[in-house]
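These notes concern the structure reproduced below.
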Amino acid sequence: MSIPSSLRAPDFQARPYWWDAAEPPKRANPLPDRAAVAIVGGGYAGLSAALTLRRLGHEVVVLDAERIGWGASSRNGGAVSGGLKLAAGDLARRHGEARARAILETAAASFPFIEELIAREGIDCDYVRCGRFSAAWTPADYRSMEARAGKLAALTGHATRMVPRERQREALGSDHYHGGMIADGAGSLHPGKYARGLAQAAERAGAVLVDGVRVSGIRQQGGRFRLDTDQGEMAADSVLVATNGYSRGPKGGSAGSAMPWLARRLMPIASYIIATEPLEAGLADRLFPQRRVVGDGRRVLNYFRASPDGTRVIWGGRASFRDATAEEAAPTLHGMMTEVFPELRNTRITHAWNGNVAFTFDFLPHIGVQDGVHYAAGCQGSGVAMASWLGHNAALKLAGAANHNFALDSLHFPTMPLYDGTPWFLPLVGGWYRLRDRIDRMRA
């Protein structure tokens, strides 16, 4: 299904809205013969790692199969928060109370880290600490949020407060949900500008960024590493793989990927986003009081916000669990949007796009070393702050400069028997989650 003409703006583009202001540029740097540290993956994690390593005096080359910042780093919704999409009780059962607490505290630390990084490097990316509204899909969802609101505030150091359904329009211009929770420890930015600014910061520090080089294998040789690429071989003393949602090989699966071991532990899931045409003056502020970012409590969630200039709605979600194009998914997203905001029913779409996020089988981010190769991956769709934080800490580990135990380092990293990096089961799982969401809503 393509976009109906009634929903398709005359200037429609099947590419990220963010690229209008900050399309990832092409770089002409050739592939070097060698590097002290080779970083595979030029997104937030790889660029953050490169910046940290350069600050520590290490020679760094960042390689990306596309343009630097081309992937999810310039395609996401731009919501910024720390934390994990996992209940504390689940963590405690799996890792024990002390380790679970350390994991939660480590995840929460990603938020102050990115704020400090943006300020220190002077990255112009429209960053605002605006807070987040988590919209309750059902009354039970609201009660669950209420039960953990105090713990979240204590963990992050930022206030949380509950908004019951009868006062919901104080937080969101819609009657679609059953109230929700405001968390002050969250922000928003322009992801394209952040990716560009982070790349520029790494270059200013002396990192070499190389576009259009696909790494198809990494092997140890005489205490060093050889990287096989489509542009020839490159030698490196150390390697960090930070490919996250783009870790599969060119034909899918783990074959031909930079690090097959990592690809077999990540589930790449497409997330789809649309941008609306400019709205009438003041409408975005009525829909998004205080311009907070929003995510709902469904299993198959929606996430949405006003554009940084307050003229449009940016709406994202898991519109399809199959290989759908952005244009095919756009009408579904528009329908989801107008269920929440009926006044946008006749508002047309100017942009539609998608990008891959990476989920792990334990729903935790990871850094570590396998066969001598460092890795950082698995942000579960909340990677703006977390990927930047993972890259920084993976760089400290690689350089031997970490001065504290990073709780997400060297955790058991599970996979599934016979899984090769292609999540063939997603349509089944996604369909089941959608059904459960509908049943929960009908019972509410």
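- Taking a cutoff of 4.0 Å between a charged side-chain nitrogen and a carboxylate oxygen, R27 and E203 qualify as a salt bridge.
- When only modelled atom types and interatomic distance are considered, Y194 and S388 share a side-chain donor-acceptor pair under 3.5 Å.
- A salt bridge does not link D437 with R434: none of the charged nitrogens is closer than 4.0 Å to a carboxylate oxygen.
- In this structure, the side chains of L189 and I118 come closer than 4.5 Å at one or more pairs of heavy atoms.
- Crowding of R322 atom CZ: a count of heavy atoms from other residues, nucleotides or ligands under 6.0 Å not exceeding 12.
- Residues H351 and I273 form no side-chain contact, since every pair of their non-hydrogen atoms from C-beta on lies 4.5 Å or further apart.
- Contact between G421 and R248 at its shortest, heavy atoms only, is O-CD, 2.9 Å.
- Cation-pi check for R75 over W353 is not met; the charged atom does not lie both under 6.0 angstrom from the ring centroid and within 45 degrees of its normal.
- For the pair F133 and Y177, the minimum side-chain heavy-atom distance is 4.5 Å or more.
- Side-chain contact, T276 with R348: no donor N or O sits under 3.5 Å from an acceptor N or O.
- From N354, atom CG reaches atom CD1 of I269 across 13.0 Å, with rounding to the nearest 0.5 Å.
- When every heavy atom of V80 is checked against every heavy atom of F111, the shortest pair comes out as O-CE1, 3.9 Å.
- Looking at L344 and L279, their side chains come closer than 4.5 Å, going by heavy atoms from C-beta outward.
- A salt bridge links D20 with R15: at least one charged nitrogen is closer than 4.0 Å to a carboxylate oxygen.
- Ring pair W18/H190 is perpendicular by interplanar angle, where above 60° counts as perpendicular and below 30° as parallel.
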Report the C-alpha distance between R318 and S271 in whole Å, list the side-chain angles of each, state the deciding distance to 0.1 Å, and finish with yes or no for side chain to side chain donor-acceptor pair (under 3.5 Å).
-> CA-CA 5 Å; R318 310 286 187 261; S271 194; 2.8 Å; yes

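- The aromatic rings of W261 and F413 sit perpendicular to each other, their planes meeting at more than 60°, with 30° as the lower class boundary.
- For the pair W19 and P24, the minimum side-chain heavy-atom distance is below 4.5 Å.
- With ring centers used as reference points, Y433 lies 6.0 Å or more from F321.
- A donor atom on one side chain and an acceptor atom on the other are not found under 3.5 Å apart for R292 and Q290.
- To the nearest 0.5 angstrom, M259 atom CE is 7.0 Å from I218 atom CD1.
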What do the steps show when you test R312 against T350 for side chain to side chain donor-acceptor pair (under 3.5 Å), and what is the final call?
-> CA-CA 10 Å; R312 306 166 186 256; T350 60; 2.9 Å; yes

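- Using bins of under 30°, 30° to 60° and over 60° for the plane-to-plane angle, the ring pair F341/F288 lands in the perpendicular bin.
- Taking 4.0 Å as the cut-off between side-chain N and carboxylate O, R55 and E121 count as a salt-bridged pair.
- Neither side chain, E277 nor T347, offers a donor N or O lying under 3.5 Å from an acceptor on the other.
- Note that NE2 of H334 is 12.0 Å distant from CD of E339, once rounded to the nearest 0.5 Å.
- Under the 4.5 Å side-chain criterion, counting only non-hydrogen atoms from C-beta, Y44 is in contact with N76.
- Rounding to the nearest 0.5 Å places OH of Y246 at 4.5 Å from CG of N356.
- L262 is not listed as a side-chain neighbour of V373, based on a closest heavy-atom distance of 4.5 Å or more.
- A salt bridge does not link K26 with D211: none of the charged nitrogens is closer than 4.0 Å to a carboxylate oxygen.
- Contact check for V340 versus L287: no side-chain heavy atoms found under the 4.5 Å cut-off.
- By the 30° and 60° cut-offs, the orientation of the rings of F304 relative to W315 is parallel.
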